[in-house]
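Naming convention: chains lettered A, B, ... in sequence-line order (proteins, then strands); numbering from 1 in each chain.
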Protein chains: 2
Amino acid sequence: MELSSSLEDYLEAIYNVIKVKTAARATDIAKKLDVANSSVTNALQILVNRGLVNHAPYDIITLTPEGSKIAKQIAWKHEVFRDFFTTVLAIDSDTANKCACSIEHVIPDEVIERFVQYLDFERQCKYGGKRWVEGFGFMRKAGTNENDPCEVCAEKKEQDARSEK
Amino acid sequence: MELSSSLEDYLEAIYNVIKVKTAARATDIAKKLDVANSSVTNALQILVNRGLVNHAPYDIITLTPEGSKIAKQIAWKHEVFRDFFTTVLAIDSDTANKCACSIEHVIPDEVIERFVQYLDFERQCKYGGKRWVEGFGFMRKAGTNENDPCEVCAEKKEQDARSEK
DNA sequence: GCAGTAAATTAGACTTGGCTAAAGATATTA
DNA sequence: TAATATCTTTAGCCAAGTCTAATTTACTGC
């Protein structure tokens with residue numbers, strides 16, 4: 001019961017529209033994905049057949065519990081990568097979104113879960129995490145190299161010096 | 001002059017075979033990508049037309065300079081992600097490879113370059129990087145939480161205590 | 001309650017990328 | 001060198017996913 005990238009995109013788009021509007025119309029989805037209305041109709045038929053979407057011809061579009069669950073998972077993957085790209089890598093928001101929108105379809109649950117653990121570790125550990133990421137931002141902007149330590153390194157160096165005394 | 005994921009896969013497969021054998025045959029590529037021989041023939045015609053591959057019917061397959069350049073870039077993206085997944089996230093090698101093989105086609109140069117900078121920062125900075133990643137490995141295995149600090153945290157805590165005196 | 005407009009669907013075509021089966025080319029080996 | 005085995009290509013098919021154009025349905029204002 002694998003979904004193609006394309007069908008996942010439709011599901012996610014429906015999910016995102018519903019978050020704002022309680023129910024989606026085909027045109028909303030078409031605009032969001034920049035495809036023809038007829039392509040949406042096509043996709044809807046498949047998604048209804050698979051039990052992921054509720055939709056009678058000419059009627060509004062909602063998600064079944066199963067469809068909602070899958071859509072939520074896809075949207076979550078999107079967010080994780082978008083945030084990593086913009087916050088940590090300082091990629092512009094448009095590129096970050098597009099890239100997240102591709103990766104979300106190909107990253108297995110197992111891998112993104114581990115990735116999130118990794119990011120959490122970096123962010124939560126108050127003895128380095130957040131400052132570590134900030135240190136990267138510093139290095140990136142300043143174009144520093146090993147001989148020109150970032151804030152985190154500099155601080156650590158100082159401490160080392162102090163404790164040697 | 002965009003290449004589809006599929007064509008990129010063929011290019012990369014040719015590149016990888018050539019690295020070992022100096023020239024590739026259609027069957028090598030078919031086996032590597034697990035497709036029918038005729039699919040390889042098909043793809044080769046397109047790649048020859050695009051000036052990325054040298055190939056006359058029934059003859060061996062090589063890459064043009066342009067094809068080689070592109071293939072190398074794709075293979076590099078593959079490596080970066082495979083290594084990150086196996087080394088940092090401790091994903092099993094098979095999953096890591098498959099996942100890298102999907103992402104390599106959708107990650108823009110701009111994004112992976114920044115990602116590599118980030119990884120280099122983490123690894124090179126002798127005041128934290130390598131141990132930081134090790135710290136994550138520790139946490140992952142031990143299933144520790146915030147109250148149960150990793151090696152890096154523990155060490156830093158000690159230093160803080162010392163310098164408070 | 002009806003006419004006009006906007007939205008949704010259907011029909012039919014096209015592209016990409018895969019397949020199988022058969023035919024043609026090349027290599028091997030007796 | 002002739003027979004056989006192995007590649008490679010060709011031909012024709014299929015499925016997914018898109019499009020445009022034409023048709024059908026639903027809504028809205030008078």
Side-chain angles (χ1 to χ4, degrees), chain A residues 1-14 17-18 20-63 67 70-71 74 98 101-102 104-106, chain B residues 1-14 17-18 20-63 67 70-71 74 98 101-102 104-106:
Chain A
M1 180 81 168
E2 281 282 288
L3 284 173
S4 65
S5 296
S6 168
L7 290 177
E8 286 192 354
D9 273 335
Y10 284 106
L11 217 51
E12 189 190 13
I14 295 168
V17 169
I18 287 177
V20 179
K21 289 186 55 180
T22 71
R25 313 242 44 159
T27 304
D28 301 324
I29 314 303
K31 273 189 196 131
K32 201 147 210 160
L33 296 181
D34 193 30
V35 296
N37 279 350
S38 58
S39 304
V40 176
T41 305
N42 231 336
L44 285 177
Q45 289 170 350
I46 298 166
L47 292 171
V48 168
N49 280 339
R50 298 217 190 173
L52 304 176
V53 163
N54 304 119
H55 176 239
Y58 299 99
D59 206 349
I60 56 167
I61 303 158
T62 58
L63 293 169
I70 296 175
I74 299 165
K98 276 187 202 143
C101 195
S102 305
E104 70 192 20
H105 305 301
V106 300
Chain B
M1 181 81 171
E2 283 281 288
L3 284 173
S4 65
S5 296
S6 167
L7 290 177
E8 286 192 354
D9 272 336
Y10 283 107
L11 217 51
E12 188 189 13
I14 296 168
V17 169
I18 287 178
V20 179
K21 289 186 57 180
T22 72
R25 313 241 45 157
T27 303
D28 300 324
I29 313 302
K31 274 190 195 128
K32 203 148 210 159
L33 296 180
D34 194 29
V35 295
N37 280 349
S38 58
S39 304
V40 177
T41 305
N42 233 336
L44 285 177
Q45 289 170 348
I46 298 166
L47 292 171
V48 168
N49 280 340
R50 299 219 189 172
L52 304 177
V53 162
N54 305 118
H55 176 238
Y58 298 101
D59 206 349
I60 57 168
I61 302 159
T62 58
L63 293 169
I70 296 174
I74 300 164
K98 275 186 203 145
C101 196
S102 305
E104 70 193 19
H105 305 301
V106 301

Taking side chain to side chain contact (heavy atoms under 4.5 Å, CB included) as the definition, give me every residue that meets it alongside A:Ser38, ordered by chain and number, with sequence neighbours left out. A:Ala36
Might you point out which heavy atoms bring [X] and [Y] nearest each other, and give the distance in Å?
| X | Y | value |
| --- | --- | --- |
| B:Tyr10 | B:Leu33 | CD2-CD1, 3.4 Å |
| A:Ile60 | A:Ala23 | CD1-CB, 3.7 Å |
| B:Asp9 | B:Cys101 | OD1-SG, 3.8 Å |

Within this structure, what is the [atom1]-to-[atom2] distance between [X] and [N], rounded to whole angstrom?
| X | N | atom1 | atom2 | result |
| --- | --- | --- | --- | --- |
| A:Ile29 | D:dG17 | CD1 | C1' | 17 Å |
| A:Glu8 | D:dG17 | CD | P | 11 Å |
| B:Leu44 | D:dT9 | CG | P | 7 Å |
| A:Lys31 | C:dA6 | NZ | P | 12 Å |
| A:Leu11 | D:dG17 | CG | P | 13 Å |
| A:Leu33 | D:dT18 | CG | P | 9 Å |
| A:Glu2 | D:dA16 | CD | P | 14 Å |

Side chain proximity check, B:Leu44 to B:Ile14, heavy atoms < 4.5 angstrom: yes
Just so I know, are the side chains of B:Leu52 and B:Leu3 near enough to count as touching, which here means a heavy-atom distance under 4.5 Å? yes
Axis-to-axis angle between the two ends of the helix from C:dG1-D:dC30 to C:dA30-D:dT1 (five base pairs per end, rounded to 10 degrees): 10°
Annotated protein contacts, base or backbone, on nucleotides 10-26 of chain C with a non-hydrogen cut-off under 4.0 Å, one of B, S, - each: B------SSBB---BS-
Taking side chain to side chain donor-acceptor pair (under 3.5 Å) as the definition, give me every residue that meets it alongside A:Asn42, ordered by chain and number, with sequence neighbours left out. none
Pairs involving residues 45-56 of chain B, ordered by first then second residue, that meet side-chain hydrogen bond (donor to acceptor under 3.5 Å, both in side chains) (sequence neighbours left out): B:Asn54-B:Thr62
Sorted by chain and number, sequence neighbours left out, salt bridge (Lys or Arg N to Asp or Glu O under 4.0 Å) with A:Lys31 holds for none
D:dT8 phosphate, OP1 or OP2, under 4.0 Å from B:Arg25 side-chain N/O: yes
